[in-house]
Amino acid sequence: MTYSLSAAKLQSYYRCPLAYYFRYERKLPGAAFFSSAALGTSLHQALAQIYDDWHYQDPIPRLDWVEYCWNQHSSGLTPTQVSEGRRILQRYYNGFIANQSAIRRPLAVEGRIQGTLRVQDLEFTLSGRYDRIDWLEDGLELIDYKSSKDSEALLPDEIDLQIGLYYLALEQRYQKHLKQLSLLYLRTGEKVSYTVTPDHRQQVESIIGELALQLRQDRSWTPFPGEQCNRCAYARYCPAARANPEPLPEEAQPEPGLQLVLSL
């Protein structure tokens, strides 16, 4: 019996257990977003190739190597997006490659990481994606590229949960501790880093333990009302947000039993 858990699911549960229940247990659709991610996808792919395919016989690649990698992944974009992506990568090159004495080969680029945690006889599969994992002197640094214009800022506690999940998964995969999580904002060239401690692991284990209790025994899914209710796609069904909440729609999935294998 396994239950798949990602950083996004863990953060959703932390914000509001009832919204988590509506989205992941009853499979209600959330708000629809219609924004193009093509430029961001191409940037991520080009950055992966820059580090993964570089021969590392020279200490620093030239800018034309970055241009070559960009050309491999920008063919489906509009001329405006191609120009914008080229400017973003040139800024990245000047800020994170050209000013180094040498670049080091990453441990891994553009992939997924998975681990497990057993709580109250439930096995949780912890999964997430990464853009790059670098070696540090005493552990690992996970780098997450941010390419969107208007990224919603995560609260400090939500960052802590993301760190803790990766701490567990990377420790199992590489037998090395995660020492730093870095968010790299491609459009501004800003890098924000968070130091990782064992407390992050303990916090995640505690939150997952609460979720296990909900799944195994409690199943009360208590709502956490607050400012997030104004943006919640499920407010109409919530007794904390509406005096007379609507019944769940017909497309809601039946409440799952623990005999099922649950996944994302």
Side-chain angles (χ1 to χ4, degrees), residues 1-31 33 108 110-133 140 142-144 146 151-178 180-181 183 194 196-224 228 232-234 252-264:
M1 179 186 309
T2 60
Y3 192 98
S4 296
L5 191 60
S6 64
K9 291 180 75 172
L10 193 62
Q11 290 161 353
S12 176
Y13 176 79
Y14 181 81
R15 292 188 195 108
C16 180
L18 186 57
Y20 176 97
Y21 169 77
F22 288 144
R23 180 174 180 180
Y24 294 110
E25 295 289 292
R26 303 305 296 272
K27 311 295 185 186
L28 291 179
F33 295 94
E110 197 77 15
R112 298 192 65 83
I113 191 71
Q114 191 171 82
T116 59
L117 180 66
R118 181 172 290 275
V119 181
Q120 295 194 12
D121 297 328
L122 287 176
E123 183 173 286
F124 290 86
T125 299
L126 313 176
S127 63
R129 57 165 300 279
Y130 57 83
D131 294 320
R132 200 171 91 227
I133 302 174
L140 303 175
L142 189 145
I143 296 174
D144 186 6
K146 299 294 185 183
S151 296
E152 180 181 354
L154 292 175
L155 298 174
D157 285 343
E158 294 173 343
I159 286 286
D160 289 344
L161 293 176
Q162 181 176 348
I163 290 173
L165 185 142
Y166 280 105
Y167 187 111
L168 287 167
L170 288 169
E171 184 179 45
Q172 293 179 25
R173 173 65 177 84
Y174 294 109
Q175 291 77 54
K176 297 287 184 181
H177 293 311
L178 179 64
Q180 186 168 288
L181 170 69
L183 308 180
Y194 300 87
V196 180
T197 71
D199 290 342
H200 290 104
R201 173 178 182 157
Q202 294 172 9
Q203 182 182 11
V204 161
E205 289 177 336
S206 176
I207 297 296
I208 294 176
E210 294 177 12
L211 177 57
L213 179 65
Q214 296 274 16
L215 294 168
R216 175 64 73 186
Q217 302 174 20
D218 191 356
R219 306 193 73 79
S220 60
W221 306 106
T222 303
F224 290 169
Q228 70 271 16
C232 182
Y234 313 107
Q253 296 287 325
E255 183 156 358
L258 282 175
Q259 72 274 14
L260 298 178
V261 176
L262 306 176
S263 61
L264 287 172

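Keep in mind the model is a prediction, meaning the values are calculated, not measured.
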*Let me see the working for Arg173 and Gln114 under side-chain contact (heavy atoms from CB on, under 4.5 Å), right down to the final yes or no.*
CA-CA 7 Å; Arg173 173 65 177 84; Gln114 191 171 82; over 6 Å; no
Within-4.5 Å side-chain heavy-atom neighbours: [X] and [Y]:
X      : Y      : answer
Asp144 : Gln162 : yes
Tyr166 : His200 : no
Ser206 : Gln202 : no
Ile113 : Leu142 : no

_Partner residues of Ser220 under the side chain to side chain contact (heavy atoms under 4.5 Å, CB included) criterion, sequence neighbours left out_ = Gln214, Asp218, Thr222
Which atoms form the tightest heavy-atom contact between [X] and [Y], and what is the distance?
X      : Y      : result
Gly164 : Val204 : CA-CG2, 3.4 Å
Arg219 : Leu215 : NH1-O, 2.9 Å
Phe124 : Val119 : CE1-CB, 4.2 Å
Pro17  : Trp221 : O-CE3, 3.4 Å
Leu181 : Val196 : N-CG2, 4.0 Å
Tyr3   : Glu25  : OH-OE2, 2.7 Å

Between [atom1] of [X] and [atom2] of [Y], what distance do you get to the nearest 0.5 Å?
X      : Y      : atom1 : atom2 : answer
Gln120 : Gln217 : CD    : CD    : 5.5 Å
Glu205 : Leu168 : CD    : CG    : 5.5 Å
Thr197 : Asp160 : OG1   : CG    : 8.0 Å
Gln180 : Ile163 : CD    : CD1   : 9.5 Å
Arg15  : Gln228 : CZ    : CD    : 8.5 Å
Tyr24  : Ser6   : OH    : OG    : 5.5 Å

*asked:* Could you walk me through whether Lys176 and Leu170 satisfy the side-chain contact (heavy atoms from CB on, under 4.5 Å) test, starting with their C-alpha distance in whole Å, then the side-chain angles of each, then the deciding distance to 0.1 Å, before giving a yes or no?
replied: CA-CA 7 Å; Lys176 297 287 184 181; Leu170 288 169; over 6 Å; no
Under 3.5 Å: donor-acceptor pair, side chain of [X], backbone of [Y]:
X      : Y      : result
Tyr234 : Leu28  : yes
Gln11  : Glu158 : yes
Glu123 : Thr116 : no
Arg129 : Arg112 : no

*Can you list the steps and then say if Leu117 with Leu5 is a side-chain contact (heavy atoms from CB on, under 4.5 Å)?*
CA-CA 10 Å; Leu117 180 66; Leu5 191 60; over 6 Å; no
_Leu183/Tyr194 under side-chain contact (heavy atoms from CB on, under 4.5 Å): CA gap, chis, key distance, verdict_ = CA-CA 9 Å; Leu183 308 180; Tyr194 300 87; 4.0 Å; yes
